[in-house]
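Both backbone and side-chain heavy atoms feed into the values below; hydrogens, waters and symmetry mates do not. Every chain is numbered from 1, with letters handed out A, B, ... down the list of sequences.
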Amino acid sequence: MAKFQAPKGVSEYVPDRSNYFEYVRSTLIESARNSGYQLIELPVFEDTELFTRGVGESTDVVRKEMYTFEDRGGRSITLRPEGTAGVMRAVIEHNLDRGQLPVKVFYSGAFFRAERPQAGRYRQFYQVGIEAIGLSDPLIDVEVIAVADRAFKALGLRKYHLEITSLGDLLTRENYLKDLRSYIEELPLDEETRTRASLNPLRLFDDKRSEIRELMQKAPVLMNYLTEESRADFESVKSLLKRLGIAFSVNERMVRGLDYYTGTAFEFVHSELGAQSGIGGGGRYDGLMEQLGGQNLSGIGFGLGIDRVLLACEAEGIAVPENEKLDLYIVPLGTGDESLIIAEELRSRGLRVDLAFGERALKGAMKAADKSGAKYSLVLGADELSSDVVSLKEMNSGESESVTLSSLATTLIEKISNLGEHS
RNA sequence: GUGGUCGUAGCUCAGCUGGUAGAGCACUCGGUUGUGGUCCGAGAUGUCGCGGGUUCGAGCCCCGUCGAUCACCCCA
């Protein structure tokens with residue numbers, strides 16, 4: 001029988017790289033938690049219509065990238081291609097918007113898009129996202145951006161930058177798009193490009209071909225259509241970002257892939273990732289909640305691509321910190337039972353402990369201790385059991401000291417916490 | 001979805017103009033009896049992505065297929 005392989009284009013993480021993945025994900029989540037966002041855990045599949053109405057019929061995501069199927073009850077189901085629509089559905093369904101506003105939630109999980117895979121672009125990929133719903137205020141726009149920026153900085157990323165723009169309110173967009181369409185109509189375009197433009201004229205700003213870029217140089221710019229209020233909000237966002245020391249550039253031609261964005265929109269781009277350079281992006285959405293049957297509340301949020309952030313970290317040579325490693329590795333010499341009992345006792349005290357299984361030779365077991373990255377190791381043989389004293393070895397220095405078995409846990413806990421303070 | 005490149009041991013790769021597979025790393029054991037990271041020795045490991053075809057003979061040639069990768073499209 002042929003070997004099974006994972007389905008085409010999915011991203012999956014196995015040891016040791018999965019440690020790196022977990023570190024990246026938890027760092028992103030911690031940034032959201034530090035800002036008061038709470039977990040919202042949602043299904044990975046939803047009613048297809050939630051996405052066609054929420055994300056927008058004209059988007060590529062809906063038109064050709066959704067995993068849609070019929071369940072046994074004849075319902076049309078779609079694997080979630082993005083997070084915001086589902087969050088809005090849940091907020092409405094559970095009346096979360098009836099309490100204090102804004103509602104602040106974060107999510108983390110798998111998303112699905114049936115695209116041609118590439119490094120950094122997968123059919124099943126992972127995102128951490130946040131949403132702040134029910135408040136239209138530059139303050140919250142900036143907070144949302146700051147959550148992402150702080151997460152990236154916490155990871156130690158440097159080679160990324162933030163681009164922002166304002167897409168204006170719904171009416172502004174309507175006026176602008178009308179003018180943009182009539183401008184594009186006059187351009188000498190091939191059939192395919194024209195079709196793309198008719199679905200979303202903003203796309204042409206993103207075209208890689210230089211002749212198109214040139215044609216679009218003189219196209220009307222949305223920024224000039226903004227109402228006084230939008231303009232003022234955007235100014236507030238910019239000055240607040242500056243005061244927070246968050247570097248950014250204004251990209252008046254930014255294009256977002258989802259239809260629902262209004263007002264502030266932003267994107268984090270990393271310079272070492274090739275074509276799939278966006279490590280996160282988001283923006284405000286004024287009409288979405290109402291569009292999905294809720295009250296008329298505005299919200300703002302982002303999605304960060306864990307897979308891409310991980311690639312970015314690797315590209316910058318960022319390592320997983322030491323404290324993710326084991327505290328102790330036990331090498332039993334014919335003392336499997338006792339070793340496991342001691343390990344369990346230490347583990348229940350909160351220490352990270354592993355041991356060598358399978359009657360390995362001392363040399364091999366010490367090698368395993370080394371590979372595990374554990375901070376300390378100890379050998380447990382008949383001598384130790386009869387004397388109740390073990391030789392606790394600090395792996396980096398190679399030095400060891402005698403510790404009684406009964407004080408092993410407290411000694412280790414003390415040593416580990418001292419290490420933490422010094423590093 | 002479109003086009004280019006690639007697919008040999010767990011990993012990185014070598015394999016000359018076709019003659020039935022190799023290196024380094026990793027792994028296991030050992031270097032006189034219980035302490036790893038260096039060094040030395042020994043050992044295990046592959047249906048050469050999969051399926052067809054050409055040939056006396058294919059890892060090397062042809063076709064298909066699956067997958068990865070790069071760019072486009074799009075996006076996290």
Side-chain angles (χ1 to χ4, degrees), chain A residues 1-11 14-17 24 28 55 59-65 80-84 108-129 148 192-193 195-196 199-200 202-203 206-209 212 254-258 267-270 273-282 302-312 329-335 356 358 360-374 376-384 390-400:
Chain A
M1 192 164 105
K3 273 191 189 170
F4 285 112
Q5 321 179 242
K8 183 189 179 89
V10 301
S11 73
V14 299
D16 297 329
R17 201 158 176 259
V24 170
L28 299 179
V55 177
T59 60
D60 278 41
V61 169
V62 168
R63 286 176 52 241
K64 48 187 198 190
E65 294 170 3
R80 61 183 183 187
E82 60 95 49
T84 305
S108 164
F111 294 84
F112 307 86
R113 250 117 98 161
E115 300 179 273
R116 179 90 154 231
Q118 222 170 297
R121 191 177 74 183
Y122 308 101
R123 292 185 167 184
Q124 174 171 337
F125 58 99
Y126 296 88
Q127 275 189 199
V128 168
E192 198 201 321
T193 310
T195 310
R196 266 203 302 137
L199 284 162
N200 184 351
L202 294 169
R203 288 263 172 279
D206 241 12
D207 204 295
K208 303 281 197 294
R209 292 169 294 186
I212 303 288
M254 185 191 301
V255 178
R256 300 289 321 164
L258 312 177
E267 214 166 75
F268 287 89
V269 181
H270 196 271
L273 295 184
Q276 268 59 53
S277 57
I279 54 176
F302 65 61
L304 308 182
I306 303 177
D307 310 275
R308 289 186 185 175
V309 174
L310 173 55
L311 289 171
Y329 195 94
I330 299 175
V331 175
L333 289 178
T335 60
R360 306 186 61 183
L362 179 65
K363 180 170 179 171
M366 282 306 296
K367 233 174 164 174
D370 192 28
K371 287 287 284 283
S372 78
Y376 294 90
S377 73
L378 67 82
V379 172
L380 193 74
D383 294 353
E384 285 77 8
V390 295
S391 176
L392 188 61
K393 181 169 186 173
E394 209 261 287
M395 292 302 277
N396 280 336
S397 65
E399 289 164 15
S400 42

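Taking the P atom of each, rA44(B) and rG7(B) are spaced 29 Å apart, rounded to whole Å. Nucleotides rC48(B) and rC6(B) have their C1' atoms positioned 15 Å apart, rounded to a whole Å. Taking the P atom of each, rC25(B) and rC40(B) are spaced 9 Å apart, rounded to whole Å. Comparing the same atom, P, in rG19(B) and in rG37(B) gives a spacing of 42 Å after rounding to whole Å. Taking the C1' atom of each, rU28(B) and rU45(B) are spaced 11 Å apart, rounded to whole Å. Using atom C1' as the reference point in both rA76(B) and rU17(B), the two lie 49 Å apart (nearest Å). With C1' as the reference atom, rC70(B) and rG10(B) are 26 Å apart, rounded to whole Å. When the P atom is compared between rG18(B) and rC56(B), the two are found 15 Å apart, to the nearest whole Å.
When rounded to the nearest whole Å, the span between NZ of K8(A) and C1' of rC66(B) equals 8 Å.
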>> Return a single string for nucleotides 31-41 of chain B, one symbol per nucleotide in 5' to 3' order, where B is base contact, S is sugar-phosphate-only contact and - is none, cutoff 4.0 angstrom on heavy atoms.
In response: B--BBBB----
>> At under 4.0 Å between heavy atoms, how does the protein contact nucleotides 70-76 of chain B? Give one character per nucleotide, 5' to 3', with B, S or -.
In response: BBBBBBB
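When Watson-Crick and G-U wobble pairs are counted only if both distances are under 3.5 Å, rC74(B) pairs with no nucleotide at all. Nucleotide rG46(B) forms a pair with no other nucleotide shown, judged by Watson-Crick or G-U wobble geometry with both contacts under 3.5 Å. Checking rU69(B) for Watson-Crick or G-U wobble geometry (two distances, each under 3.5 Å) identifies rG4(B) as its partner. As the counterpart of rA21(B), no nucleotide is assigned, since no Watson-Crick or G-U wobble pattern has both distances under 3.5 Å. Across the strands present, rC61(B) finds its partner in rG53(B); the criterion is a Watson-Crick or G-U wobble pair with both atom distances under 3.5 angstrom. Of all nucleotides present, none satisfies the Watson-Crick or G-U wobble test against rU35(B) with each distance under 3.5 Å.
Panel note: side chain Q127(A), backbone G129(A); no donor-acceptor pair is recorded below 3.5 Å. Between the side chain of R80(A) and the backbone N or O of A110(A) there is at least one donor-acceptor pair closer than 3.5 Å. Panel note: side chain S277(A), backbone V269(A); no donor-acceptor pair is recorded below 3.5 Å. One N or O on the side chain of R308(A) and one on the backbone of G120(A) form a donor-acceptor pair closer than 3.5 Å. For S11(A) (side chain) and D307(A) (main-chain N/O), no donor-acceptor pair under 3.5 Å exists by modelled atom type.
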> Passes side-chain contact (heavy atoms from CB on, under 4.5 Å), L380(A) versus V390(A)? Steps please.
Replying inline: CA-CA 7 Å; L380(A) 193 74; V390(A) 295; 3.9 Å; yes
> Given the rule in the side-chain contact (heavy atoms from CB on, under 4.5 Å) test, do M366(A) and L362(A) qualify, once you have shown the distances and angles that lead to the verdict?
Replying inline: CA-CA 6 Å; M366(A) 282 306 296; L362(A) 179 65; 4.2 Å; yes
>> Under the criterion side-chain contact (heavy atoms from CB on, under 4.5 Å), I'd like the reasoning laid out for R113(A) against R121(A): C-alpha separation, chi angles, the key distance, then a yes or no.
In response: CA-CA 9 Å; R113(A) 250 117 98 161; R121(A) 191 177 74 183; over 6 Å; no
> Between E384(A) and L378(A), is a side-chain contact (heavy atoms from CB on, under 4.5 Å) present by the stated rule, with each step listed?
Replying inline: CA-CA 10 Å; E384(A) 285 77 8; L378(A) 67 82; over 6 Å; no
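Between D60(A) and R63(A) there is a salt bridge, with a side-chain nitrogen of the basic residue lying less than 4.0 Å from a carboxylate oxygen of the acidic one.
Distance NZ/K393(A) to OG/S377(A): 6.0 Å, rounded to 0.5 Å.
In this structure, a donor-acceptor pair under 3.5 Å is present between the side chains of R209(A) and T193(A).
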Where do N or O atoms of nucleotides 10-12 of chain B meet protein N or O atoms at under 3.5 Å, pair by pair?
none

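Using a 4.0 Å heavy-atom distance criterion, A361(A) is classed as a sugar-phosphate-only contact.
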